[in-house]
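Okay, so here's the structure we're looking at.
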Amino acid sequence: MRKAFLLITLILSLCAISAQQYHDFGFKRDLSLTFLNQTSDTLKFALAGGLNSVRFSEIDVNNDGIKDLFAFEKNGNRILIFINNGEKNCINYKYAPEYAHCFPKMHDWVILKDYNQDGKEDIFTYGNAGITVYKNVSDEQGLRFELVTEQLESFYYNGYVNIYSSPDDYMAIEDIDGDGDLDILNFMVLGQYVHYQRNYAVENGDIEKFDFRLEDECWGHFAEGDDDNSIMLDKYCYSKNESKEPLRHTGSSILAYDFNGNGLQDIILGDVDYPQLILLENGGTLQEAHIISQTDMFPNAEKPVWLYSMPAANFIDVNNDGKPDLIVSPSDPSLTKSQNTNSVWLYTYDSLSGQYKFVTPTFLQEEMVDAGGGSYPIFFDWDKDGLQDLFIANYGLYDSSSFENYFLTSHYKSSIAYYKNIGTKQNPSFKYVTSDFANLQSINELALYPTFGDFNGDGQTDMLCGTANSGLELFLNQGDGTFSAPLPYLEDFTLQYATPQLFDLNKDGKTDLLIGNRKGTISYYKNISQNQTPDFQFITNNLGNVDVRDHDISYFGYSVPFFFRDKNEETKLFCGNEQGKIFYFKNIDNNLDGTFELVEDEMFEIIENNRYGIREGWRIGLCLSDINNDGYIDMMVGNYAGGISFFKGCEAPVITIHTQEQTNDTFLLYPNPTSGKFSIKSNLLSENPVTYIIYSIDGKKIQEECSRNPQVNFDLSNYNKGIYILKIFSNEKITTKKIVISD
């Protein structure tokens, strides 16, 4: 009887295993790909993803007693962790992306400071015009944080209100009065003056509980200029009876640091649109600060900081000599003002001279693949040796800055970097050849994005490039290692930020042209040629009803499509978007006139049998190939900070794999906005039917559907354009969504 029971149990177990559902793809972040620079040295942090605008902090992430380096990339809200080996008088870090997922999702700015004096750095970050705080509760089990407050408050005049924070400012979080707890210096709204939020936690006898009070409305008795970065000393604040502060532009970085060693916190200030850091010397007392001098020759006259725009200072001991060193990087909120190369300046402290010595303008950057602003990787075997080479296009490399009509304008030139694959089919390795393939910087375009093919039937590989504003441009291969001047192609000027791909979409043996764009959709041009020269016929600018915009955040999607075929020759689509998501679509074959099925609205990576959404930053680009010939599709991802990340294909995980980053969106509605036809995909695991009811904006019910299917299709093409309300009734819960019907 017992044997029969065991046999039945085994059979049931095997049935359960065979019934498991698997994802179509699996990816694991991989750092093993080697990249060699122009001197054939191996890049240490090649796949770290690039740096543009970075704020640094210290934190011990691996519990070894040594402070590691935390970098927050503002251009994409990325977290980068570098493990410090702790060797004295030595800068030696190891890139450790596996720790990034231990931190909560954060955006705009992050400052790590130990507020409760337990030796573990806590998190201060931007949150809804205020400050959100997470407590570091790490233990031997690992790095962990728990929410303390979503809105840090201070006592203003008559009561407690949230401490104002702009997403574009860096405030100072430091012990200003020397009593042992952290205080805050911040600019209030559009004010010229620095507000001092004094923390009374120590005075109250409980370091764990914040008690901020507005102690001084004009800390240091100085003011910033209304429309420039000038500093006026011996200024006294407006009266409390006045209605408002004088207005000025938003955007300043503040760092409090005792630079002259007199026991008082000085101020290092950066300003939006300007490249200098200004040191303001505090000559007052602990009870009342008084700025007595200023200089923009910081940190020294030999090599002062000159870094567009709005540089932010960080004091961190990177060489383990016990003295904080200086790291400076831009913090301007704009994507088109700051330097995106040579944008992480390092000065180390020289104990003998008592000065900061300039070391490099590319700290950490110099060990990365970094294409400047924007990174769009493309695999293509350029030299026809059977190995996939790597091209990396960009939005543009920083060239210069100027003031036009009193506003800062920065100038960029787009280019394409070329890395030759010098490895093998099983072990690829990429060697830098040039950062300006085909001398494209000379044409002064932005956002060049290439695809390669023979466009004139001469047997040579030509290059078709999308651009920011000029549609498509064709570069014909001259056969002598050079290309022709750019020729307008298709002349479709609606294709802003065009991202073309040549791919035989309809399986007729001819490569068609698919184009992503700023709007977030995909255009389809069918190749109707009867010879070797392609002839593209416009079919649609809304292929598959793909729309990767997030309408709660942006009007744009910046779609970067990549069509490919899996091992079963089924056509699939991965598409990057502005917010850094990778959308996965299938049901494409024999459905070119219909709606592609959205399988995942955020592709994921696997870390220790958990899944995490792949979000490498803003405006990502991607390409796929079985680059190591192991039978799994691999993925290279670029982002707006200019770098790349590599995700090695692996065995697809089961659908039920634990998701660390839970989504509140059980139902995915796409496309939205829609021309009328749309689908709702559910990841709800339930045998109960789900009811879908659509109402007009005035509350009139217009359609109802009850289904157990994971995907339900609707057609409102006959209804007027406008907003409709969808209510979904499932498991005694009601989910409401907005539907927008437009062109």
Side-chain angles (χ1 to χ4, degrees), residues 29 48-49 53-63 67-83 95-116 118-153 162-163 165-171 173 182 184 208-210 314 331 550 552-553 579-581 601-608 610-618 639 641 645 658-665:
R29 188 185 298 269
S53 178
V54 198
R55 180 69 189 256
F56 293 94
S57 296
E58 288 182 298
I59 182 172
D60 181 6
V61 298
N62 57 356
N63 201 29
K67 296 299 183 184
D68 306 304
L69 193 60
F70 171 96
F72 185 78
E73 170 58 59
K74 189 177 181 70
N75 289 175
N77 299 321
R78 293 166 48 238
I79 295 171
L80 297 90
I81 303 297
F82 298 88
I83 301 297
Y95 177 51
E98 64 272 18
Y99 289 97
H101 297 292
C102 299
F103 291 83
K105 286 186 176 180
M106 301 174 289
H107 55 90
D108 294 296
W109 59 261
V110 179
I111 298 172
L112 304 186
K113 290 285 184 178
D114 179 12
Y115 79 83
N116 58 357
D118 64 354
K120 297 181 289 189
E121 281 72 21
D122 309 296
I123 297 173
F124 295 78
T125 186
Y126 177 75
N128 298 323
I131 305 169
T132 297
V133 181
Y134 293 89
K135 180 180 178 181
N136 188 336
V137 292
S138 304
D139 53 25
E140 63 276 2
Q141 301 300 316
L143 189 64
R144 294 185 298 114
F145 299 90
E146 64 179 29
L147 180 66
V148 175
T149 178
E150 292 184 346
Q151 289 284 310
L152 199 57
E153 294 184 334
N162 71 290
I163 299 175
S165 171
S166 162
D168 302 330
D169 285 342
Y170 278 124
M171 62 183 59
I173 302 175
L182 292 178
I184 293 175
E208 292 281 353
K209 293 184 179 180
F210 296 112
N314 313 261
S331 60
D550 186 333
D552 292 331
I553 299 175
Q579 280 72 48
K581 287 187 176 183
D601 72 335
E602 184 177 45
M603 280 305 297
F604 57 89
E605 61 175 310
I606 305 300
I607 301 177
E608 296 180 349
N610 296 322
R611 56 172 287 182
Y612 299 86
I614 295 175
R615 289 201 183 184
E616 291 301 287
W618 294 333
N639 69 84
S645 306
H658 180 54
T659 303
Q660 290 288 359
E661 295 174 333
Q662 296 289 344
T663 174
N664 294 324
D665 201 353

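A quick note: this is a predicted structure, and the numbers were derived from the prediction, not measured.
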Problem set entry | Stacked cation flag Arg55 on Phe72, 6.0 angstrom / 45 deg |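 Geometry flag: not set, cation outside 6.0 Å or 45°.
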Are any of the side-chain heavy atoms of [X] and [Y] separated by less than 4.5 Å?
| X | Y | result |
| --- | --- | --- |
| Ile79 | Met106 | yes |
| Phe604 | Tyr612 | no |
| Ile81 | Leu69 | no |

Counterpart residues, side chain to side chain donor-acceptor pair (under 3.5 Å), relative to [X] (two or more places apart):
| X | value |
| --- | --- |
| Asn639 | none |
| Ser331 | none |
| Asp60 | none |

For this session: Sort and list the pairs that fulfil salt bridge (Lys or Arg N to Asp or Glu O under 4.0 Å) and have at least one residue in residues 130-149, not counting sequence neighbours.
Result: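 For residues 130-149: Lys135-Glu208, Asp139-Arg144.
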Exercise. So, are Lys581 and Asp601 salt-bridged, with charged N and O less than 4.0 Å apart?
Worked result: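 Yes.
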Problem set entry | Salt bridge flag under 4.0 Å for residues Lys67 and Glu121 | yes
Quick check against the 3.5 Å criterion: does [X] have a side-chain atom that pairs as donor or acceptor with the backbone of [Y]?
| X | Y | result |
| --- | --- | --- |
| Glu98 | Ile607 | no |
| Asn162 | Leu152 | no |
| Tyr99 | Cys102 | no |

Exercise. So, for Phe145 and Phe103, is the gap between ring centers shorter than 6.0 Å?
Worked result: yes
Exercise. For Ser645, what residues pass the side-chain contact (heavy atoms from CB on, under 4.5 Å) criterion, not counting sequence neighbours?
Worked result: Arg29, Glu616, Phe647
Exercise. With Gln579, which residues qualify under side-chain contact (heavy atoms from CB on, under 4.5 Å), at least two apart?
Worked result: Asp550, Ile553, Ser554, Asn577
Exercise. Does a donor on one side chain and an acceptor on the other come within less than 3.5 Å for His101 and Glu605?
Worked result: yes
For this session: Working to the nearest 0.5 Å, report the span between CZ of Phe210 and CD1 of Ile131.
Result: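 Answer for the CZ-CD1 pair, Phe210 versus Ile131, is 9.5 Å.
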Exercise. Roughly how far, to the nearest 0.5 Å, is CG of Asp118 from CG of Asn136?
Worked result: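 Reported value, rounded in 0.5 Å steps: 6.5 Å.
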